[in-house]
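Just below is one structure, and these are the notes that go with it.
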Amino acid sequence: METDSATPEGSGWSREIPKAYDPATVEERWAAAWVKERLFEVRTPTPAEVEELRGAGHDLFTILLPPPNVTGRLHMGHMLNQTEMDILTRWRRMRGDIALWLPGTDHAGIATQMMVERQLAAEGKSRQQLGREAFVERVWDWRRHYGGAILDQMKRLGASVDWSREYFTMDERLSVAVREGFVRLYEQGLIYRGAYIVNWCPRCQTAISDLEVTHEEQKGKLWEIRYPVIGSDEFLTVATTRPETMLGDVAVAVHPLDERYRHLVGKRLRLPLVGREIPVIADEWVKSEFGTGAVKVTPAHDANDFAIGQRHKLPAISVMDETAHMNAEAGAYAGLDRYAARKKVLEDLEAEGLLGAVREHVNAIGKCSRCGTVVEPRLSTQWFIAVNKRPEGAGASIAELAIAAVKADEAGNKAIRFTPENYEKIYLEWMNNIYDWCISRQLWWGHRIPAWHCAACGEITVARQDPSRCAHCGSGEITQETDVLDTWFSSGLLPVTVFGWPPPGGGSTPDLNAFYPTSLLVTGFDILFFWVARMIMLGCWFMQDVPAADGSKRGLAETVPFREVYIHALVRDAERQKMSKTKGNVIDPVEIVEKYGTDAVRFTLASMASPGTDIAFSEARTEGYRAFANKIWNAARFIFMNVEKWLAESNGHLTFTSLDLSRVDRRNTVLLGFPANPGARANGSADRGPLEHRWIISRLSGTAAAVNGALEDYRFDEAAGLLYQFFWGDFCDWYLEIAKLSLDSADSARRARAMLVLLAVFESALRMLSPFMPFLTEELWHAYYQGHAPAKSIAVMPYPYTENPAPGREAEAEMELLQSVITSVRAARKDLGVEEKASVPVRVRVAGGARAVVNDNQSIVTRLARVSRIDFIDETPQGSGVRSTPQFDVQVVYEKQIDVAAERERLTKELAKLEKVAASSERQLGNPAFLAKAPPHIVEGLKKQQSDAQLLMDKTRKALEELG
RNA sequence: GGGCGGUUAGCUCAGCUGGUCAGAGCGCCUGCCUUACAAGCAGGAGGUCGCAGGUUCGAGCCCUGCACUGCCCACCA
């Protein structure tokens with residue numbers, strides 16, 4: 001491409017751009033620039049400013065990034081999540097909202113601790129050797145060095161987040177807030193400590209919540225063990241899947257109505273191998289039909305047994321330690337691993353002849369979701385949140401609030417709306433059956449529980465400031481609780497803590513006033529309960545006491561952490577397999593991005609993000625969207641080339657770069673700085689201008705309306721499809737090709753007009769595509785304005801939008817007719833085997849207004865279908881090379897032998913299709929019930945379809961006859 | 001055990017409140033290096049919408065059952 005000298009001063013249209021789009025350099029440059037320019041940082045608006053914003057029809061759009069683990073590496077799920085959030089945030093920002101996207105990372109207690117422990121292990125060390133303090137310091141070191149790499153990846157992917165507000169869940173500020181949250185709940189009597197049976201991971205050596213246990217069906221065995229009845233020859237046979245726990249048995253339970261065992265209730269048994277005497281008890285929980293109908297009761301090692309134990313006031317005997325090895329209570333088995341103990345117990349029972357039948361048995365076994373170790377139910381002292389307890393004076397429990405926040409009230413209003421809606425049900429189902437939340441973890445990395453145990457009186461002191469004495473007896477012999485909090489406790493508080501909760505000195509904070517509740521949460525269903533539910537519980541609970549911006553008490557709808565929740569799909573591999581490291585099928589987004597470009601990957605994810613189904617990520621799709629990016633790039637090249645040419649010839653200049661953004665009406669931003677109909681003649685005549693111009697502007701505004709609508713509904717796939725179709729299908733395939741006629745024309749006014757429309761539509765299309773393909777559009781947008789851009793970035797330009805979309809229905813209908821004529825001619829040429837390059841005369845039979853349309857736009861047909869001459873005729877053309885539609889017949893005149901057989905086959909198929917259509921419409925039209933009940937427009941439509949089919953069938957039959 | 005999804009062209013998926021919706025991309029076939037783009041252009045082939053009933057004037061779309069498949073929840077040892 002020629003450059004420089006010939007170009008008028010300051011036009012800057014000379015940018016030389018390569019033939020193929022190369023994402024790498026472009027992306028890196030802009031990613032860095034956006035961060036450097038602090039483009040997406042948001043200053044907290046004052047209440048007055050918020051008022052003004054809303055008055056102008058805009059709003060705040062606040063969205064919290066689900067904080068990735070500090071240890072995290074970006075995976076496809078993140079990328080999908082971030083793409084969706086970025087599209088929405090960029091879109092809202094361009095629409096004129098204050099759009100704040102807040103990033104941060106989660107300390108992720110157990111995950112991070114594991115990571116560092118593994119590293120230590122590689123050095124032959126353990127955390128125990130280091131000691132708590134040194135270990136925690138080591139984790140901090142680790143985080144300083146490697147933590148947050150995932151956020152750097154986000155930067156590279158151009159996520160439009162406010163980096164100035166980045167947080168880490170163990171930041172000083174957030175730690176204070178977490179502590180405040182804990183203390184308040186404790187003071188309200190909603191946190192308690194006690195010995196209960198919890199899920200224990202023997203590898204992680206900590207309690208984990210129910211949610212952190214994954215159940216897996218596994219083939220196991222059901223062993224029957226015979227317990228001798230004391231003072232009788234009888235045996236009571238129990239069935240168990242876990243024989244080793246029998247060492248901790250304290251009873252055997254049967255159903256009170258079970259005739260088989262009624263006589264044994266109250267009797268005592270001799271516990272084999274141990275010798276302990278244990279009672280036979282009756283409990284309705286026992287299912288007589290399962291196993292032998294008698295169940296051994298081991299309160300310290302099974303949740304059900306624990307409950308039975310409580311009911312019957314039985315002792316609980318732990319026979320294992322925290323590593324799932326047998327302890328001293330297990331006597332001879334002490335020191336054995338649980339599975340070794342099982343083996344030995346079975347052998348010994350066998351030897352004593354106490355082992356009964358052994359059956360195959362499938363049961364669901366709980367595993368630690370973190371490390372896969374089989375979870376051991378374990379009796380231990382933990383901290384819990386009483387989610388169902390209603391403190392004195394409070395109107396509701398935490399769970400009740402969290403239910404009310406999602407459930408529709410009598411008027412049908414919901415404080416939080418889920419998309420897709422069915423997650424509401426899943427959420428409510430869970431919340432309605434929720435148990436107390438175990439929040440203590442026996443880890444070192446995390447928020448240490450702010451409780452101190454007194455050695456003197458044994459009481460607990462919970463305090464905001466580290467106490468020096470026991471609050472109960474004044475003793476100085478106090479030590480802090482060693483447990484830390486479940487990582488979800490702190491992340492559950494994020495929607496309030498990131499905005500400065502707790503407000504110093506009561507009241508509220510400017511950030512809470514402006515940004516709370518946030519607008520939307522975008523996340524996967526895998527953390528629906530872990531995180532989403534916890535945020536709702538804690539947000540609703542704590543924000544009850546924070547006044548609204550105007551000082552009034554918050555209603556439920558103002559206490560929720562977000563107004564909407566959009567749950568997206570999971571990204572799977574091309575074979576729909578869940579991606580996992582162990583399977584080795586993880587698709588690394590960074591690799592894919594390097595290969596195809598960020599924009600192409602974003603577009604792929606957006607276009608595949610349809611609600612309800614998981615995404616089977618397909619590289620083939622990405623390849624297609626890389627081609628799309630290249631298409632846009634080359635359309636730009638074409639336009640730039642022509643602008644340059646035009647400028648050089650006309651020595652003119654483009655004035656639209658003087659666009660004054662402060663005066664732009666964001667409710668009508670489809671064409672920025674261009675006349676509403678740039679296709680019209682400048683002389684003020686009534687002529688609306690050439691069809692193609694009117695058409696493409698209509699398509700543009702129609703697409704803009706549809707894209708905005710799709711985004712309102714989180715239909716990223718639809719929006720992406722619309723944009724793709726518009727840019728490639730309408731703009732490139734048709735409009736650009738037609739515009740070439742004008743651009744090649746000697747008529748400079750005609751050229752100028754085409755140039756104007758081309759530029760206007762292209763610029764709008766870039767803005768419309770920008771949230772989806774931020775890099776490519778940014779690059780081209782700057783190239784477009786060449787130093788005279790009205791803003792620093794396309795990202796702050798108005799999004800194509802109009803409050804009153806007025807599609808040019810007429811122009812679209814006319815254009816569709818032309819397209820149909822052109823396509824028919826092309827197809828007929830193919831039938832005849834006309835060489836690509838040859839121009840051929842065509843005969844067209846078309847009546848009425850349609851004839852005028854074709855006549856007025858002859859040049860378009862001749863150019864796009866390579867036609868040398870158009871003759872209008874009044875009769876249906878006979879002979880070969882004919883194509884017919886209900887509106888017209890067209891014949892390509894060309895004397896070449898046609899492939900009679902192929903033509904006959906085509907026509908026969910065509911006829912069969914038509915006959916099917918005709919038959920079905922005839923059947924319906926012949927049905928009086930249909931005519932009576934179907935709405936008129938359906939009947940009319942069918943009649944037209946019927947007569948069209950009839951018409952074409954006649955023609956096709958005739959054509960077949962001619963073929964002989 | 002309970003609940004929720006999915007089953008539409010060879011592949012990956014759209015198809016919004018039942019009627020102009022049987023569609024897209026990739027792949028495949030044919031012809032073109034037409035001066036924006038071969039990561040392209042043009043023209044095609046390809047589906048009894050998982051199966052069986054039902055509701056309706058009319059059913060991928062609603063109902064029932066079944067089959068296959070994926071997922072979530074769950075204290076039957």
Side-chain angles (χ1 to χ4, degrees), chain A residues 17 19-21 197 210-211 215 222 238-242 245 253 285-287 289-292 294-298 302-307 361 363-364 377 420 422-423 425-426 429-430 433 435 525-526 528-529 570 572 574 576 578 596 600 607-608 610 612-621 623-642 710 713 715 717-718 721 724-725 732-733 736-737 740 823 826-831 833-837 864-866 906 909 920 923-924 927-935 937-939 941-942 944-945:
Chain A
I17 73 175
K19 197 168 166 179
Y21 175 51
I197 195 126
D210 293 344
L211 286 174
H215 294 271
L222 188 64
V238 301
T240 180
T241 54
R242 305 213 43 207
T245 63
W285 174 80
V286 180
K287 302 264 186 302
E289 63 281 3
F290 186 90
T292 60
V295 55
K296 58 192 241 10
V297 180
T298 324
D302 184 279
N304 292 311
D305 294 8
F306 181 77
H361 180 67
N363 68 335
N422 60 317
Y423 284 104
K425 232 173 73 186
I426 296 172
E429 183 70 21
W430 185 79
N433 296 299
Y435 291 90
F525 65 78
D526 49 334
L528 182 62
F529 306 133
L570 243 50
R572 299 168 173 281
R576 325 200 99 273
K578 209 170 185 169
Y596 299 101
S607 71
M608 296 186 86
S610 16
T613 45
D614 286 345
I615 295 175
F617 188 84
S618 117
E619 235 178 286
R621 282 286 281 266
E623 234 168 279
Y625 294 120
R626 175 181 59 179
F628 182 49
N630 194 49
K631 188 77 179 174
I632 298 168
W633 183 260
N634 275 291
R637 283 183 67 216
F638 172 76
I639 291 164
F640 293 169
M641 208 179 79
N642 278 283
D713 297 335
R715 288 306 303 265
D717 58 327
E718 268 183 28
Y724 184 94
Q725 167 56 31
C732 291
D733 287 350
L736 284 187
E737 291 306 320
K740 283 175 182 172
T823 308
R826 285 170 175 167
R829 288 173 58 113
K830 198 85 169 176
D831 294 342
V834 180
E835 293 88 351
E836 281 299 317
K837 283 182 180 154
L864 269 62
R866 288 188 187 265
R906 182 180 74 77
K909 265 189 190 166
S920 101
R923 194 178 337 108
Q924 287 197 71
N927 184 345
F930 170 76
L931 294 174
K933 290 191 180 176
H937 75 276
I938 296 296
V939 178
L942 207 64
K944 174 141 193 337
Q945 179 181 298

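Since the structure is predicted, the reported quantities are computational estimates derived from the model, not experimental observations. Chain letters run A, B, ... following the sequence lines, proteins first and then strands; every chain starts at 1.
The interatomic distance linking A:Leu931 (CG) with B:rG58 (P) rounds to 13 Å, in whole Å. Protein atom NZ of A:Lys631 is 12 Å distant from nucleotide atom P of B:rA39, rounded to whole Å. If you measure from atom CG of A:Leu528 to atom C1' of B:rC72, you get 10 Å, rounded to the nearest angstrom. When the P atom of B:rC13 is taken as reference, atom OH of A:Tyr625 falls 13 Å away, rounded to whole Å. As rounded to whole Å, 12 Å separates atom C1' of B:rC72 from atom CG of A:Asn422. Distance, A:Asn630 CG to B:rC41 P: 10 Å, rounded to whole Å.
In this entry B:rG40 has B:rC32 as its Watson-Crick or G-U wobble partner, both defining distances falling under 3.5 Å. With both pairing distances under 3.5 Å, B:rA22 is matched to nothing as a Watson-Crick or G-U wobble pair.
Looking at A:Lys830, its side chain comes within 3.5 Å of the base of B:rU30 through a donor and an acceptor atom. On a pure distance criterion of 3.5 Å, no polar donor-acceptor pair joins the side chain of A:Glu737 and the base of B:rA42.
Ion pairing between a basic and an acidic side chain is recognised when a charged N comes within 4.0 Å of a carboxylate O; A:Asp717 and A:Arg715 show such pairing.
For B:rG60, the base is syn relative to its sugar; the glycosidic angle is within 90° of 0. Nucleotide B:rU20 carries a syn base; the chi torsion (O4'-C1'-N9-C4 or O4'-C1'-N1-C2) is within 90° of 0.
Judged by closest nucleotide on RNA chain B, A:His215 is the one of A:His215 and A:Asp305 placed further toward the 5' end.
A:Arg866 has no side-chain polar atom (N or O) that falls below the 4.0 Å cut-off from OP1 or OP2 of B:rC41.
Side-chain contact check for A:Tyr625 and A:Ser607: at least one donor-acceptor pair (N or O, by modelled atom type) lies under 3.5 Å.
Nearest heavy atoms, A:Cys732 versus A:Ala635: SG-CB, 4.0 Å.
Comparing B:rA74, B:rA36, B:rU12 against the side chain of A:Arg621 picks out B:rU12 as the nearest.
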